[in-house]
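Quick caveat, the model's predicted, so the values are computed rather than measured.
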Amino acid sequence: MEFVERTVHIGKASFPYIPGFFSFREGEGTIRAYQKISHKPDLLIINACGTTHPASAGFASHIGVILDKPTIGITKRMFCGRAKIPQKEKEAQPLYHGGKQKGWLLKVLPETKPIVITIGHLTSIKSCLEIAIKCLKENKMPEPLRLAHQCAGKEKKKWGKSDGT
DNA sequence: GCGACAG
DNA sequence: ATCTTGTCGC
């Protein structure tokens, strides 16, 4: 796995952060940043819920439908769903919601809370975990997400705190 | 029942 | 997300 490209969209969020309505706040900025990408990816890893959402379609699913692209949702904590808490390093426990398994809790590193991996759009329960694991390097969060998050932080400082993506 | 609640 | 220093580990 190697870094290929990075694009950024700067803009003010036009909607407040309300759990359950994440797409309204993050949707526009995400789409705009995606449109700038020259080398379109085969799949997107989104820092938000996938199908483990009150409406069974979180932001990761939403963005997948709009772009007609496979997506996986990865977050630091569960928004909804039920799962046993993995204790051992590299242990994965199934995450259920609405009577079906829709993701996993993965204990990436010892001494840290497990990350939440969920099916977003056009991905299977098996592949979402496999892909997430392949994207892990030496940090808790998968490399693509870690770099994107780091980049967002720097851009935010550069452009002042006008509240953005 | 109550509180918490993706970023 | 944001508030925030020094500190620990590879």
Side-chain angles (χ1 to χ4, degrees), chain A residues 6-34 43-67 69-86 89-90 92-98 100-121 123 125 128-129 131-132 135-165:
Chain A
R6 152 198 292 165
T7 62
V8 174
H9 166 72
I10 304 294
K12 179 176 168 57
S14 58
F15 198 83
Y17 166 63
I18 303 174
F21 297 87
F22 200 49
S23 299
F24 290 91
R25 178 183 174 79
E26 306 291 328
E28 185 189 351
T30 304
I31 296 293
R32 292 208 182 173
Y34 178 81
L43 174 146
L44 298 173
I45 296 178
I46 304 296
N47 178 15
C49 289
T51 46
T52 50
H53 180 278
S56 290
F59 184 52
S61 308
H62 193 168
I63 212 73
V65 171
I66 291 175
L67 299 176
K69 186 76 63 178
T71 63
I72 295 174
I74 297 185
T75 58
K76 290 185 176 177
R77 56 187 187 191
M78 276 193 283
F79 180 42
C80 64
R82 273 184 45 180
K84 290 181 182 174
I85 309 298
E89 183 177 359
K90 292 193 171 185
Q93 285 292 344
L95 168 59
Y96 301 96
H97 182 240
K100 283 189 59 181
Q101 184 186 354
K102 296 181 176 177
W104 308 83
L105 290 195
L106 177 64
K107 181 83 170 177
V108 178
L109 302 172
E111 312 296 318
T112 62
K113 292 174 64 178
I115 62 173
V116 186
I117 300 168
T118 75
I119 293 174
H121 185 54
T123 47
I125 195 66
C128 74
L129 178 60
I131 292 169
C135 289
L136 289 173
K137 208 168 178 184
E138 37 202 82
N139 304 281
K140 171 176 175 174
M141 295 303 281
E143 202 63 2
L145 278 186
R146 195 182 68 81
L147 292 176
H149 192 265
Q150 179 190 68
C151 168
K154 290 179 180 174
E155 289 295 327
K156 194 170 293 185
K157 267 195 172 180
K158 203 158 82 181
W159 284 80
K161 295 179 180 176
S162 53
D163 188 28
T165 307

Can I get a per-line list of side-chain donor-acceptor pairs under 3.5 Å for residues 141-154 of chain A, giving both atom names and the distance, sequence neighbours left out?
from, atom 1, to, atom 2, distance (Å)
E143(A), OE1, R146(A), NE, 3.2
E143(A), OE2, R146(A), NH2, 2.8

Do the rings of F59(A) and H62(A) sit parallel, tilted or perpendicular, given the 30° and 60° boundaries? perpendicular
Provide the closest heavy-atom pair for G73(A) versus A60(A) in the form atom of the first, atom of the second, distance. CA-CB, 3.6 Å
Phosphate OP1/OP2 of dG7(B) contacted by H149(A) side-chain N/O (<4.0 Å): no
Do you know the tightest heavy-atom contact between C128(A) and I72(A)? CA-CD1, 3.7 Å
Pairs counted only when both distances fall under 3.5 Å, Watson-Crick or G-U: show me the 5' to 3' dot-bracket for DNA chain C, [ ] for pseudoknotted crossings and | for other-strand partners. ..........
Using a cut-off of strictly less than 4.0 Å, decide whether K156(A) has a side-chain nitrogen or oxygen near OP1 or OP2 of dT2(C). yes
Give the rounded distance in Å between these two atoms: CG of L44(A) and P of dA6(B). 22 Å
Measure CD1/I74(A) against C1'/dG7(B) and give the value in whole Å, please. 15 Å
For DNA chain B, the residues among residues 51-63 of chain A that have a non-hydrogen atom under 4.0 Å from it: H53(A), G58(A), F59(A)
Backbone of H121(A) reached by a side-chain donor or acceptor of T71(A) within 3.5 Å: yes
How many whole angstroms separate atom CD1 of I46(A) from atom P of dA6(B)? 17 Å
Using a cut-off of 6.0 Å, state whether more than 12 heavy atoms not belonging to F15(A) lie near its atom CZ. yes
Using whole Å, report how far CD1 of I45(A) lies from C1' of dG7(B). 17 Å
So what does G20(A) touch, heavy atoms closer than 4.0 Å: a base, only the sugar-phosphate, or nothing? base
Tell me the interatomic distance from Y17(A), atom OH, to dA1(C), atom P, rounded to whole angstroms. 11 Å
To the nearest angstrom, how far is L145(A) atom CG from dA6(B) atom P? 16 Å
Can you name the closest pair of heavy atoms from I119(A) and S61(A) and give their distance? O-OG, 4.2 Å
Within this structure, what is the CZ-to-P distance between F22(A) and dG7(B), rounded to whole angstrom? 6 Å
I18(A) CD1 to dG7(B) P, in whole Å, measures 16 Å
In residues 102-112 of chain A, what donor-acceptor pairs under 3.5 Å come from side-chain atoms, sequence neighbours left out?
from, atom 1, to, atom 2, distance (Å)
K102(A), NZ, S56(A), OG, 3.3
W104(A), NE1, I125(A), O, 2.9
K107(A), NZ, T112(A), O, 2.8
T112(A), OG1, L109(A), O, 2.9

Which part of the nucleic acid, if any, lies within contact of F21(A), taking any heavy atom under 4.0 Å across all strands shown: a base, the sugar-phosphate backbone alone, or nothing? base
Apply salt bridge (charged side-chain N to carboxylate O under 4.0 Å, His left out) to R32(A) and list each qualifying residue two or more places apart in sequence or on a separate chain. E28(A)
Any stem touching DNA chain B, meaning at least three consecutive Watson-Crick or G-U pairs under 3.5 Å, ordered by first number, would be none
Look at atom OH of Y34(A) and say whether more than 12 heavy atoms of other residues, nucleotides or ligands are closer to it than 6.0 Å. yes
Return the minimal non-hydrogen interatomic distance between A132(A) and I74(A), and the atom names on each side. CB-CD1, 4.0 Å
Does R25(A) use its side chain to pair, donor to acceptor, with the backbone of P16(A) at less than 3.5 Å? no
